[in-house]
Each structure stands twice: as C-alpha cells, then as structure tokens.
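Please find one structure pasted underneath; my questions will follow.
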4 protein chains.
Amino acid sequence: MRSKTPDKRLRILDSAVRVFAREGFFKAKVSQIAEDAGLAPGTVYLYFKNKEDLLISVFEERMEEIVSRFRAAVMEHHDPKSRLECLVRMHLSGFQSDPDLAACFQVELRQSSRFMRRGVKGGLQQYLGLIREIVESGRREGVFRKEVSAGLVTHLIFGALDEVVSTWVMSGMKYNLVSLTGQLVDLLTNGIGSGVSVIAKQGLEVDREADRALS
Amino acid sequence: MRSKTPDKRLRILDSAVRVFAREGFFKAKVSQIAEDAGLAPGTVYLYFKNKEDLLISVFEERMEEIVSRFRAAVMEHHDPKSRLECLVRMHLSGFQSDPDLAACFQVELRQSSRFMRRGVKGGLQQYLGLIREIVESGRREGVFRKEVSAGLVTHLIFGALDEVVSTWVMSGMKYNLVSLTGQLVDLLTNGIGSGVSVIAKQGLEVDREADRALS
Amino acid sequence: MRSKTPDKRLRILDSAVRVFAREGFFKAKVSQIAEDAGLAPGTVYLYFKNKEDLLISVFEERMEEIVSRFRAAVMEHHDPKSRLECLVRMHLSGFQSDPDLAACFQVELRQSSRFMRRGVKGGLQQYLGLIREIVESGRREGVFRKEVSAGLVTHLIFGALDEVVSTWVMSGMKYNLVSLTGQLVDLLTNGIGSGVSVIAKQGLEVDREADRALS
Amino acid sequence: MRSKTPDKRLRILDSAVRVFAREGFFKAKVSQIAEDAGLAPGTVYLYFKNKEDLLISVFEERMEEIVSRFRAAVMEHHDPKSRLECLVRMHLSGFQSDPDLAACFQVELRQSSRFMRRGVKGGLQQYLGLIREIVESGRREGVFRKEVSAGLVTHLIFGALDEVVSTWVMSGMKYNLVSLTGQLVDLLTNGIGSGVSVIAKQGLEVDREADRALS
DNA sequence: GATGAATGAGAATTCATTCAT
DNA sequence: CATGAATGAATTCTCATTCAT
C-alpha cells in the first residue's frame, strides 16, 4: 500500500492538532507529529511544506469543515436572532468539545507570524463571511439595526466570541463555555445598556466557574 | 534590576518596540535591539532576563502607564456612558497614534507563548479591571444592565476593542480607527438588535476605508 | 544492468549531461534527471547504482566513444606532429561543439570525489593512453625528444589541453576555442623558448576574445 | 582572554586544512574543525560565513602568502629562464612539503562549485599574474617567443604544473615531485619536439617512481 | 556597570535511495 | 521492467545567552 492517500494527510493533521495542543507550536517537533501519525519524518514534507504550513493547514482545513457545518446548521433557522444564537452556541460548544483544537486555534495558531499578519485569508474570512450573512439577513428583516456598519457588527460578534473562548482556554477550560451562550447573545443583541427591558430571561444563567474566570 | 541607569532601560524598551514592530518578534535579534539603543548585546541582559521578558516588559510597562493615563481620563467623566466612550476613544486613538506599539501589542505579543497562555497577568488584568470599574459604575447607576455577568460584559467590551484594533493593524493601518468610536460605543451599549430606537445619531459616521476594511 | 532497454539508459545519460550542466552536480536532483528523461526516479536506479555513478558513467561512456573516435582520426595521420595537431584540434572542437558536455567534464565531474581521487581509471587512462601513443610514435620516428619522460610529456599535453578548456568554460565559452589549436601545438612542440626560429607561421592567429580571456 | 584574535582565525584555517585533507570536504564536519582548533562550533561562524567559505578562505589566504613568497624568490633571479625554473621548483616543492595543503588545493577545493565556477578570482589570478610576469620578462629579453599569445603561454605553464601535481596527489604522493623540475622546465622551454639539440642535460634525471606514476 | 567574543544546544529539512505494488 | 510514495539519516548554522575582562 504505497499510494499517496488523503488518509495519510488527515492522519498527519490529526496528529498535529494533538501534538501542538500538548507541546505548543515551538516545542512540538515535526518528528513527534510524524511518529504520532505512524510515519517517517520525511513523509510529513510530502504533504506539507513545513511546520508552519502544517499549523496553518490545520486551521484552514478544519475551518473549512467548520464553516460549512455551521452554515448548514445556521441556515436551518430562519429567524436571524435564532441564527445568531445557533452560531454562538456552535462556536462555543465546538471548542468546548474539542479542547485540542481550541488550544490550537486560540493559542498556538497565533504564534505563527504568517497567521498573525493575516497571511491566511481563507478560513477566517469565510467564517467572518458567515457571520456577515447572518447580520445581513437580520438587517433585511429589520431585526438588526441598519444604521451601523455591518462590517463593524460582524467584527463585534467575532471579537466577542474569540475573546470569550480565549479566556476559557487560558483559564484552563474548567468551566462550561456553552453556558455563556444565552447571555452573550443577549448582550450582542441588546447591548450592555439598560435602555430596554429585556423580557425573556430564560437561558441566561451562567456557569459559576465561568463567571469567576471572567472576573 | 531596576537600579542601573533607568535611562538605558528605557532606551532598550523603546528600541525593542521599534525593532519588534519592524522585524517581528522572532526575526528581531537581541543584538539589533541593543544596537538600536546604542548598547552592547550583553547590556540588554543587565536589564532584562531574556528576549521574551523584553517583549513582556514592553507590554507591562507601557500598559501600566496606559492604564493610569486612561483611568485618569475616564474618571474625569461621571456618566458611565461617557466613561465608556472615553475609554473606547482613548483605546482606539492610543493605538492609532503609535503604530509601532500597536504592532507590538496586537501582533508580536501574541507570539509569546507566555503571553498567550496568560502567563502575564499584570497589565491585561489591570486593563480589564479598569473596564470592569466602568461597567460596575454603570450598573450601580442603573445605566448598564445588571442581569448579565459583569465579567462577561467586561470581556465583551475588551474583545470588541481588541478585534477592531487587530483588524486595523492587519489591514495596514490605513484608515481612521478613531472614527469607529461612536458606532462601537453605540453597538456595545444598545446592541445590534433593532429593539430600541436610538435617537442621537451624531458621531456615527464611519470612515469609508474603515468600513471597507471591516467587510 | 546493461540489459533492459538500452534506449532508456541512453536517455538517462543524455538527460544527466543536460541537467548536470545546467544545475551543477550537487544541485541536480535525480528526480529532475528522471523527469527530463520521461521516467520515474526509481527507474534511474535500474540502470545506475547512484547519482555519482551516473556522473561517472556519463564520463566513462562518452569518453569511450570519444577515445575511439579520436583514435580513428588521429591514426589517419602518419606524421606524429600531424597526429598531435589532430588530437588537439579534436579535443578543443569536441568541447566547443558540446558545451553541456564541456561543463560536465571540466566542472561537474571534478566535484565527484571518486573522480578527483582518480577512482575512475578507465576513460581518463584511455585518453592518456592515446596521447601516449602519439608521443611514442613521435619518439620512434625521432620527431619528439627521447631524453625526457614520455609520461611527463603525456601529462604536459593533457594538462595544457585541460587547462585551456577549463579556462574557456569558466570564462563563459564566449570565444573560439579551436582557434587556439595552432599556437598550442606550436608551443607544445617547440616550447616557449626562443631557441628555435620557427618558420611556418600559418594558423597561428588566435581569436581576440580568446586572447583576452587567457590574460 | 575574550578578544577576537587573528590568532584564532589562523588556528581555524590550519585545522581546516588538516581536517579537509584527512576527511575530504564533504565528510569533514565543521564541528570537527572547531574541535581541532580547540573552539566551539559556533565560533567558526564568527570568522567564516560557512563551510565553503572556510575552504575558499584556506585557498585565498594561503595563496596570498604563497604568491608573495614565490614572487620574492622568483624576482631574485634575473634571467627569465631561472625565474621559470625557480617558480616550477617552488610550486612542486611547496606542495611536496605540505601534503595536507596539496590535498586541499588539488582535490578538495575542486569540490566547491564556487571555486570551480571561478567564483574565486583573487588567489588564482594572482598566481597566474606572477607566471605572466615571468613570461613577459622573458619576452622582453628575447628569451621567450613573442609570436605566441602570452596568455596562452601562461596557461600552458600553469596547466602543466597543475596536472603534474594532481597526478602526484592522486597516485598517493609516493614519489619525489621536485625531481620533475628539470624536465618540466626543459619541456616548457624547448617543447617536446626534437627540433633543437638541447645541450645541458644535467638535472634531468627523474625519480623512477615518478616516471612509473606518470605512465 | 558595560562590553562583545565565545558558546553550544538543538531541530528542521532534504533528497538519494528503496521496495511494495 | 517500471513506478513513485515513503523513508530516515545526518549536519549545518543560528542566535540567545554568558562571563572574563
């Protein structure tokens, strides 16, 4: 069985996520990843240009899958607010259920200067694009405000999600991240101001640990 | 380690910001920084434990100054919303007026695993603390909602600011970042939902370039 | 190892000359040579032991053909001096008309330690043998001096030819190498001393570019 | 004693000659050379750009010394023929008395593509320059022929020397190289042709081993 | 305190070669 | 015979850090 299989490529990516999460990007040795995948070091270079390319590929390829999965789920909802909630919930639960991936995305990936300098457009742009679609649909239906920049709104949502997940990762992933969904959606939708009396309060209880970690 | 010539210490920090911004953390050589500061490489180690410590110190010491300056300005306002606006404006204009520092904080710093693993508590916590104070004051005065986690609100604000600045840095710092202040404060306060009819609309025009970059 | 398709063997040798000349021995990849020959990398190893063997084989096999061709031509002459002139002319014109081969022989081949340590006896020895025969015939006929070592004379001739061709290759193969034949033969025959008044001066004009490059 | 001394540079060069001669250029490890010089591997890179630069530097710097030493000796003679003989003798005895250097110059150096592509002009050109001066002086005094290209004559002399030394190195340095001086000078001066009756025949006996090796 | 020459650990990467198909 | 995916050995070179002066 000596054929260049997509299977092998995937095995390398899986191993990379594991090893990067466990060792950190710099400490991780390519040979470790190869070994974890049951391959020789050189084989990694048959599929990836170098170690950084491996990290970026983890991101891009996982992201692609994530975006299409999220989009499918989000688009099952027709109410923009439900869409937003769906996205937030999936974002949080996605990372919560895959701590290795969370560590890769929130910590290790940022150590790639290529990533930090946004040399990587694909995955992140697609994700921002999905958020943007939700925002646009809400604007069309009059559920979301139109007098503010849609781009800014998009980044507000992404920034909030990213920060919340980062905080969770940094604090040791000890609390229930998904439990923040309700409040986060509420905050994004209604803001922090007390102008409106928000009525429906179900789903707003936050994990105690979460609250402590955020403080 | 704080005795010696404080002057030299500062020269090193200044040079570090410049060199890190220009070269990136990993490409930057300690000897480059020393040369930029007009010193020998060994001298850097009289003031800083190692290269990463230098990066972290840049952050911590600049942050200390920033936090106290921001706090002073913020506290001149008594209305929590004005305080928030003051903070947002200062955050954005602070980075806008010091691109090297912006590059250091938003890009290079994240490449330090010690930072990313939140091994650095001081500066960031203080900054989050300042935001938190604003939030708490707003809650006490009934201007900000109390039924959501104050910690979450704090991170929402920080996450939004951080993402907006990052996007600006990544897109080449080409547009007027401060012009986003009005909309950002509005969004944070009132949310993205169209529940409220927000009245005062002055200060909501956003730089065209900004809008394009955010899309 | 000589069975298989002789055609393929030759294609590989031809490609090797081209690729070695273009890339240099070390930069040249076996896979490049294979590709140039329209074959898979592994196939090269059905015909040659390794990369160095390929280089050596290029030399040996081309040399074999060269020696027999040169010998045939040389032996058509019966005057030893004509024989020498014939050899010099063919040596120079041979390389001049095949720059890739010249580059291989004069530059790349020397980068093989096996060659440089004279681990390769065949081709070169045969060539030296041919020169030797010319020398011996001249001695028998009293045209060439007998009181000096025939071996030394042989190497003198070869050394002169080799150096002249090397200089031509290094200087970019820009001038007419064959134009040196007359003078070179004259010098070899009569020496650099002005003891003799050499009469026949035809064929002694040297290419201007050649003269410049030799200076 | 922590000063960048020329002494250290020289120690490295000496060690390099030894190690290159013993191991060959490619097998030689930089760390071996460093160890031989009593230094850390990294130190070598303080003085030389890389391994090839080290090899080239050995050549250039030794050559410089050689050329000036040879020139001094050669110019003590005023008769061009004596000058030539002096040069040939020094060339042969120089290599004979320093086998490591001979191995470096005749074998290892050629494995550097930078050298083989004449990326190194200095040393060799100077040496050719010295030969050229001898030739020119002989022409002025009517001792050497003027109707042939001086450049060609120069390369003829160099080519002969180079080939003779190479043959000696390849055959194991087993015979007396200097013993070839007389015949070589005679051949260069009077040529291989029997046109002239050369009279003085002293100094023309060649080492038996030499004669065998040249055959 | 300051210097800057010396250190030396450490891992990514290449590519000739193999061998299962 | 031919293939070409997989192998894995093997070493340069960098540069943060030290420490004798």
Side-chain angles (χ1 to χ4, degrees), chain A residues 1-5 8-9 12 26-35 37-54, chain B residues 1 3-5 8-9 26-35 37-54, chain C residues 1 3-5 8-9 26-35 37-54, chain D residues 1-5 8-9 12 26-35 37-54:
Chain A
M1 185 119 358
R2 282 283 183 125
S3 57
K4 209 166 170 179
T5 60
K8 238 164 252 156
R9 183 185 174 83
I12 295 171
F26 284 106
K27 257 197 73 194
K29 297 180 213 14
V30 172
S31 57
Q32 267 179 314
I33 295 170
E35 193 188 29
L39 296 166
T43 307
V44 172
Y45 290 86
L46 241 47
Y47 294 90
F48 302 94
K49 218 168 69 250
N50 52 40
K51 195 173 143 185
E52 187 176 30
D53 182 44
L54 189 43
Chain B
M1 213 178 249
S3 43
K4 343 252 156 158
T5 328
K8 263 175 208 144
R9 183 186 174 81
F26 284 106
K27 255 196 74 194
K29 316 271 169 267
V30 172
S31 56
Q32 264 180 313
I33 295 170
E35 195 191 24
L39 297 166
T43 308
V44 171
Y45 290 85
L46 294 173
Y47 295 91
F48 302 94
K49 220 168 69 246
N50 52 41
K51 189 176 156 184
E52 188 175 31
D53 182 43
L54 190 43
Chain C
M1 212 178 249
S3 46
K4 343 254 155 152
T5 327
K8 260 174 212 145
R9 184 186 171 82
F26 284 107
K27 257 195 73 194
K29 315 271 166 268
V30 172
S31 56
Q32 264 180 312
I33 295 170
E35 194 190 26
L39 297 166
T43 308
V44 171
Y45 290 85
L46 294 173
Y47 294 90
F48 302 93
K49 217 166 73 248
N50 53 41
K51 189 176 156 184
E52 188 175 31
D53 183 43
L54 191 43
Chain D
M1 184 119 358
R2 280 288 182 122
S3 58
K4 208 168 170 179
T5 60
K8 239 165 251 156
R9 184 187 173 82
I12 296 171
F26 284 106
K27 257 196 75 196
K29 298 181 213 12
V30 172
S31 56
Q32 268 179 312
I33 295 170
E35 194 189 27
L39 296 167
T43 308
V44 172
Y45 291 88
L46 239 48
Y47 294 88
F48 302 94
K49 221 169 67 248
N50 53 41
K51 194 174 144 182
E52 187 176 31
D53 182 42
L54 190 43

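Order of the sequence lines fixes the chain letters, A, B, ..., with proteins taken first and strands second; residue numbering starts at 1 for each chain.
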Q. Which value, rounded to the nearest 0.5 Å, describes the distance between B/Tyr47 atom OH and B/Lys8 atom NZ?
A. 5.0 Å
Q) Which heavy atom of C/Lys51 sits nearest a heavy atom of C/Phe26, and at what distance? A) NZ-O, 3.3 Å
**Q.** Nearest heavy atoms of B/Gln32 and B/Lys27, plus distance in Å
**A.** OE1-O, 3.9 Å
Q: Could you tell me the separation between the CG atom of D/Leu54 and the P atom of F/dT12, rounded to a whole number of Å?
A: 11 Å
Q) When the distance from CG of D/Asp53 to P of F/dT12 is rounded to whole Å, what number comes out? A) 14 Å
Q) For the pair made of CD in B/Gln32 and C1' in E/dG4, what is the distance, rounded to whole Å? A) 17 Å
**Q.** Validation row: A/Val44, A/Leu54 side chains within 4.5 angstrom (heavy atoms)
**A.** yes
(Q) Without decimals, in angstroms, what is the distance between A/Phe48 CZ and E/dT13 P? (A) 14 Å
Q) If pairs are Watson-Crick or G-U with both distances under 3.5 Å, what is the dot-bracket string of DNA chain F, marking crossing pairs with [ ] and pairs to another strand with |? A) .||||||||||||||||||||
Q: Look up atom OG1 in A/Thr43 and atom CZ in A/Phe48, then write down how far apart they are to the nearest 0.5 Å.
A: 12.0 Å
(Q) Heavy atoms from C-beta onward define the side chain here; which of F/dA5, E/dT3, E/dA2 lies closest to that of B/Lys8? (A) E/dA2
Q.
Please enumerate all residues that pass salt bridge (charged side-chain N to carboxylate O under 4.0 Å, His left out) together with D/Lys29, with sequence neighbours excluded.
A. none
**Q.** A/Glu35 CD to E/dA11 C1', straight-line distance once rounded to whole Å
**A.** 15 Å
Q: Using only side-chain N and O atoms of D/Tyr47, determine if any of them is under 4.0 Å from OP1 or OP2 of E/dA5.
A: no
(Q) Using side-chain heavy atoms (C-beta onward) and a distance below 4.5 Å, is C/Tyr45 in contact with C/Val30? (A) yes
Atom pairs, protein N/O to nucleotides 13-16 of chain F N/O, distance under 3.5 Å:
from	atom 1	to	atom 2	distance (Å)
F/dC13	OP2	D/Tyr45	OH	2.8
F/dC13	OP2	D/Lys51	N	3.3
F/dC15	OP1	B/Lys29	NZ	2.9
F/dA16	OP1	B/Lys51	NZ	3.3
F/dA16	OP2	B/Val30	N	3.0

Q) Closest approach of B/Pro41 and B/Ser31, non-hydrogen atoms and distance? A) CG-CB, 4.3 Å
